[in-house]
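Comments concern the structure below.
A, B, ... follow the sequence lines: proteins, then strands. Residue 1 opens every chain. Because only heavy atoms are used, hydrogens play no part in the values below, and waters and symmetry mates are left out as well, while side chains stay in.
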Amino acid sequence: MSTNAKPYKETLNLPATEFAMKANLPAREPKIQAEWREQDLYGQLRRARKGAPVRVLHDGPPYANGDIHMGTALNKMLKDFVVRSLSMRGFDSPYVPGWDTHGLPIEHKVMKDLGPRAAGLSRAEIRELCRVEAMKWVDVQRDQFRRLGVMGDWDDPYLTLDHRYEAGITDVLADLLEGGYVFRQLKPIHWCTSDQTALAEAELEYRDETSTSVHVLFPMIAGVPDSWLRIDESMPEDWRAMIWTTTPWTLPANAAVAVHPDLEYVGVRYDDPETGATVRAILGAELVKKVMDLRGIADYAEVGRCKGRALEHAQYRHPFVDRVSPIVLANYVSVEDGTGLVHTAPGHGGEDYLTGRAYQLPVLSPVDPAGKFTAEAPDWLVGLHVLAANPRVVDRLREIGALYLSAPLTHSYPHCWRCKKPVIFRATEQWFVGVDRNDLRGRTLAEIRDAVTWYPAWGRSRIEAMVTLRPDWCVSRQRSWGVPIPALGCVACDAQLLTAETARHFRDLFRKEGADAWFARPVEEILPPDAKCPNCGGTEFRKEGDILDVWFESGSSHRAVLAEGGGFGLGFPAHMYLEGSDQHRGWFQSSILTAVGTTGRAPFESILTHGFVVDDKGQKMSKSLGNVVSAVKATEQHGADVLRLMIAGMDYADDVRVSERSIKEASESYRKIRNTFRYLLGNLEDYRRFDPSTIDRDTLLDIDLWALGQLNQTIREALEAYERYEFYWVVKKLNVFMSITLSSFYLDVLKDRLYAEEPTGDERRAAQFVLFKLHEALTRLLAPILPHTAEESWGYLPHGQGFPASVHLATFPDPDPRWDDPERDARWAVLKEARDAILKALEGLRRDKTIGSAQEAAVEVVAAPADASILQADRDLLAMICLVSQVTIKEGGPVAEGAERFQATAAKSTFAKCERCWNHRVDVGRIENHPTLCGRCVRVIEAAAAKGPA
RNA sequence: CCUCUCGUAGCUCAGCGGUCAGAGCGCUCGCCUUAUAAGCGAGUGGUCGCGGGUUCGAAUCCCGCCGGGAGGACCA
């Protein structure tokens with residue numbers, strides 16, 4: 001043992017850096033974010049990219065209600081990856097986040113909190129409470145998104161309650177009116193007859209209720225299959241279509257009977273056990289016995305059969321109203337209950353309504369807001385509440401012999417959330433955007449097909465199918481918290497005044513005073529000039545009460561946020577919309593329909609959709625399953641960069657599995673990345689004052705050139721993946737490069753040079769040059785995904801070489817063709833294979849306890865002649881990359897089939913160990929003054945001594 | 001029930017007609033103590049959801065089923 005072991009060790013250049021091994025992201029990230037805000041990094045980036053090609057990712061507004069969850073976090077992180085990577089690709093890519101602030105959930109919450117006090121407040125007052133509620137959550141969510149590291153214009157987001165935005169919405173409405181898309185029509189909606197108000201689906205409570213169900217016979221007048229008539233010697237009028245309903249009161253509004261086109265129907269003849277009369281009924285084939293059994297009829301005869309399709313357009317007479325109606329086809333008809341023939345009242349049912357539209361049936365709804373029959377109903381029902389009318393209808397049916405059976409039935413039925421009374425379906429006048437007017441549908445489909453890129457590609461077929469089938473868009477809602485449809489009702493004749501001109505008048509008003517003006521100010525003050533009833537010329541109006549569907553609001557963002565003059569002017573169309581796959585039906589559709597209707601173009605050039613967050617078993621997250629992972633908590637515990645790394649590593653096109661475990665795994669992966677950066681920085685500490693441009697290509701060793709070539713390849717792959725928005729591919733490639741190529745190979749091999757060579761000698765400087773390149777490139781490539789860590793690491797980079805202060809102002813690295821050399825790479829592939837064989841051989845020695853570290857070993861490799869000559873030339877190189885003391889090559893015969901390409905045998909080196917660099921070298925002990933050192937170390941130490949103490 | 005979609009090692013992903021199905025992480029064992037609550041090495045691990053079919057040959061193409069997810073429809 002040498003007495004001066006310590007001094008030798010102190011002559012090594014060991015890594016040193018302040019870049020901490022322990023990230024402590026929960027504490028570190030907020031500090032970095034505070035600096036970004038202080039320096040207005042977002043503003044700096046805007047200025048830096050001014051004049052560059054613009055690419056805007058337009059934010060879809062999340063609903064301002066509640067804390068963000070993993071799904072919203074996923075969405076915002078993906079957007080941030082896109083926006084940041086676009087910026088680093090050199091685009092000017094502003095990001096203006098937005099919030100959806102209107103709508104039922106907020107109104108619902110406010111009304112719930114108010115309770116009975118709500119009745120004493122005006123709509124304007126309730127709206128103010130809604131505004132406060134919405135803004136509360138905007139602030140909460142803004143902080144949470146910022147904490148995730150999402151970069152954008154958080155100080156001036158767009159809000160759907162903003163005056164500018166409300167004007168934008170109304171502007172879109174005006175253009176659609178001008179284009180002739182908007183019309184008014186009856187449509188059934190859920191209606192509470194007690195509160196006399198429309199109800200949304202979310203305001204319904206389903207509870208069991210006992211109703212009177214009836215089987216009713218409708219007399220046919222035409223369309224009964226000829227064969228049945230022949231066989232049974234009957235007339236069409238002898239036949240009856242039998243229907244079943246649990247709401248007898250809707251029978252006055254019956255406008256059709258629906259059958260399934262592919263179901264089998266039969267004509268049945270039986271004698272009524274009470275009257276003895278012979279009845280001929282049409283029934284679903286599978287239900288005949290069930291229906292006959294209801295009244296214990298065993299003696300019945302099947303006269304004939306046909307498919308439902310054959311009954312289409314047959315006609316029947318309403319049993320107690322003077323009306324002839326058709327039999328129609330509908331796919332929703334089933335044989336689970338009833339008769340297989342469905343009573344259809346377009347004014348009293350959602351599906352009935354759609355069927356009615358398809359067959360041009362009248363929408364009948366002879367019921368007033370209080371639920372009482374109007375004069376349109378038969379006189380024996382007028383004035384009666386519909387639910388009280390049920391027995392009367394049943395009695396009537398019995399009297400006229402149209403009743404087969406009446407029986408009580410308990411089923412789930414919707415009730416009003418507030419008064420708990422059963423609700424009804426009632427047709428009311430609603431505003432629509434007609435998708436078939438001016439071929440809006442066709443033009444939209446053409447844009448979907450030709451003008452938009454879909455990520456993933458199947459998004460196109462999905463939305464195509466939806467747009468092809470969608471009905472007209474009902475855009476009116478009977479609520480308070482939203483943008484009013486500025487329709488004026490003529491006091492004299494009830495006609496509606498809503499034109500492009502009047503809408504633009506209100507657009508200007510809303511821009512100035514906000515939509516609140518509609519609710520707060522008397523009608524006279526806000527009337528458009530020369531307002532005149534289109535029907536009677538009257539000039540007295542009342543404000544109508546409907547507001548716009550919130551999807552219309554968010555769907556108007558292309559006007560309010562993208563178009564010039566809307567307040568943000570980000571540019572129309574946007575480069576990309578990025579949302580969950582549920583938005584094929586939601587925002588993507590409302591956006592493209594309003595944009596095509598008003599401008600003829602899609603508002604987006606591309607759509608990127610992602611799946612939903614599910615747990616580690618693939619089940620969706622829900623409170624009841626207890627598998628919810630909180631995005632806010634996860635950030636507080638593990639840090640945003642860990643969460644971001646986890647998300648980036650997953651293929652978002654499919655569902656994304658998130659659990660405590662997946663976050664933990666991401667932390668492990670993060671640590672590897674962080675430690676690699678730490679190593680790079682630790683060995684660059686003394687590199688600050690050095691000018692890398694002085695490095696001559698010739699000073700770089702072969703392995704350095706190879707490493708830079710590998711970096712080139714990684715850069716290329718990462719950039720291509722960023723261009724395809726496949727972030728998991730970026731993560732994967734960088735992971736492999738950092739842990740395999742660098743950490744376990746190149747950086748490991750480099751240690752001897754970095755630690756033991758002369759601090760400023762060519763060998764070490766060459767290595768540092770590569771480390772510098774690696775650090776600079778990797779920091780940038782990871783910046784969109786790990787913005788905090790990249791920034792932190794970037795801050796340790798030696799400055800003064802034309803780099804921006806923040807990595808986020810930089811652009812991605814370019815591959816440098818100087819480092820490309822396929823022949824060299826092929827040679828290295830052979831060396832690496834030989835290395836694998838050697839390392840395996842070393843493992844045997846370790847098991848024997850012959851050696852510990854690789855440096856103690858000497859290796860002999862046997863290879864086929866062709867390989868042997870390659871290896872012979874690179875013998876010392878091979879020793880270096882295996883960290884062994886010596887390699888000898890022996891030429892063997894051709895390699896046997898299935899055998900290893902290289903046969904490596906290892907033994908303990910006969911050389912002595914150098915005390916300083918730990919290599920076993922032949923020249924250790926040959927130099928007088930330093931009997932425990934190798935020649936290289938002696939050279940280094942003497943050079944240092946010659947220079948004198950530092 | 002309909003439309004779309006996914007199902008390859010414990011996890012995240014490659015492979016998409018042709019050698020014993022791969023990578024990273026994890027896990028196990030070992031080495032080092034000069035990246036040190038680090039680093040290195042060697043191992044482990046999959047009947048490619050299941051069942052048919054096409055083919056000389058299928059994880060890869062076709063059909064059916066099962067399971068997960070999204071959207072919709074239904075509850076008259």
Choosing from U34(B), A14(B), A37(B), which nucleotide comes nearest the side chain of M21(A)? A37(B)
Can you sort out the partners of S365(A) under side chain to side chain donor-acceptor pair (under 3.5 Å), two or more places apart, ordered by chain and number? none
Counting just side-chain N and O atoms, does Y670(A) come under 4.0 Å of either OP1 or OP2 of C25(B)? no
Among R460(A), Q589(A), M466(A), which residue meets the side-chain contact (heavy atoms from CB on, under 4.5 Å) test with I448(A)? R460(A)
Mate of C1(B) where both pairing distances stay under 3.5 Å, Watson-Crick or G-U: G72(B)
Looking at K849(A), I'd like to know whether one of its side-chain N or O atoms comes within less than 4.0 Å of OP1 or OP2 on C31(B). yes
Could you pull out all donor-acceptor pairs under 3.5 Å where a side-chain atom in residues 732-741 of chain A meets a protein atom, sequence neighbours excluded?
| residue | atom | partner | partner atom | Å |
| --- | --- | --- | --- | --- |
| S739(A) | OG | N735(A) | O | 2.5 |

If you look only at distance, which donor and acceptor atoms sit under 3.5 Å apart when one is on a side chain in residues 657-664 of chain A and the other is two or more places apart or in another chain?
| residue | atom | partner | partner atom | Å |
| --- | --- | --- | --- | --- |
| R657(A) | NH1 | D616(A) | O | 3.0 |
| S659(A) | OG | R661(A) | N | 3.3 |
| S659(A) | OG | S662(A) | N | 3.3 |
| S662(A) | OG | S659(A) | N | 2.8 |
| S662(A) | OG | S659(A) | O | 2.9 |

Side chain to side chain donor-acceptor pair (under 3.5 Å) filter on W473(A), not counting sequence neighbours, yields D549(A)
Suppose we screen for side chain to side chain donor-acceptor pair (under 3.5 Å). Which residues come up paired with E717(A), at least two apart in sequence or across chains? none
Its contact letters, B for base, S for sugar-phosphate only and - for none at protein heavy atoms under 4.0 Å, make nucleotides 39-44 of chain B read SSBSS-
Which residues pass the side-chain contact (heavy atoms from CB on, under 4.5 Å) test with P471(A), sequence neighbours left out? L354(A)
Would you list the atom pairs, donor with acceptor, under 3.5 Å between side chains in residues 338-348 of chain A and any protein atom, with sequence neighbours excluded?
| residue | atom | partner | partner atom | Å |
| --- | --- | --- | --- | --- |
| T339(A) | OG1 | M242(A) | O | 2.6 |
| T339(A) | OG1 | L341(A) | N | 3.2 |
| T339(A) | OG1 | L341(A) | O | 3.1 |
| H343(A) | ND1 | N254(A) | ND2 | 2.7 |
| H343(A) | NE2 | T250(A) | OG1 | 2.8 |
| T344(A) | OG1 | V342(A) | O | 3.1 |
| H348(A) | ND1 | F425(A) | O | 2.7 |

Tabulated below should be each protein N or O lying under 3.5 Å from an N or O of nucleotides 5-12 of chain B; please produce it.
| residue | atom | partner | partner atom | Å |
| --- | --- | --- | --- | --- |
| C6(B) | O2' | D654(A) | OD2 | 2.7 |
| G10(B) | O2' | R661(A) | NH2 | 2.3 |
| C11(B) | O2' | E665(A) | OE1 | 2.9 |
| U12(B) | O2' | G649(A) | O | 2.5 |

Can you list every pair that meets side-chain hydrogen bond (donor to acceptor under 3.5 Å, both in side chains) and has a residue in residues 643-653 of chain A, with sequence neighbours left out? D80(A)-R644(A)
Hey, what are the protein-to-nucleotides 69-71 of chain B N/O distances that come in under 3.5 Å?
| residue | atom | partner | partner atom | Å |
| --- | --- | --- | --- | --- |
| G69(B) | O4' | D655(A) | OD2 | 3.1 |
| G69(B) | O2' | D655(A) | OD1 | 2.9 |
| G69(B) | O2' | D655(A) | OD2 | 2.9 |
| A70(B) | O2' | R462(A) | NH2 | 3.3 |
| A70(B) | N3 | R462(A) | NH2 | 3.3 |
| G71(B) | O4' | R462(A) | NH2 | 3.3 |
| G71(B) | O2' | R585(A) | NE | 2.7 |

Ring-face cation contact, F902(A) with R835(A), 6.0 Å cut, 45° max: no
Checking all strands, does I243(A) fall into the base, sugar-phosphate, or nothing category for heavy-atom contacts under 4.0 angstrom? nothing
Please list, chain by chain and in numerical order, all residues satisfying ring pair (Phe, Tyr, Trp, His ring centres under 6.0 Å) with H318(A), sequence neighbours excluded. F320(A)
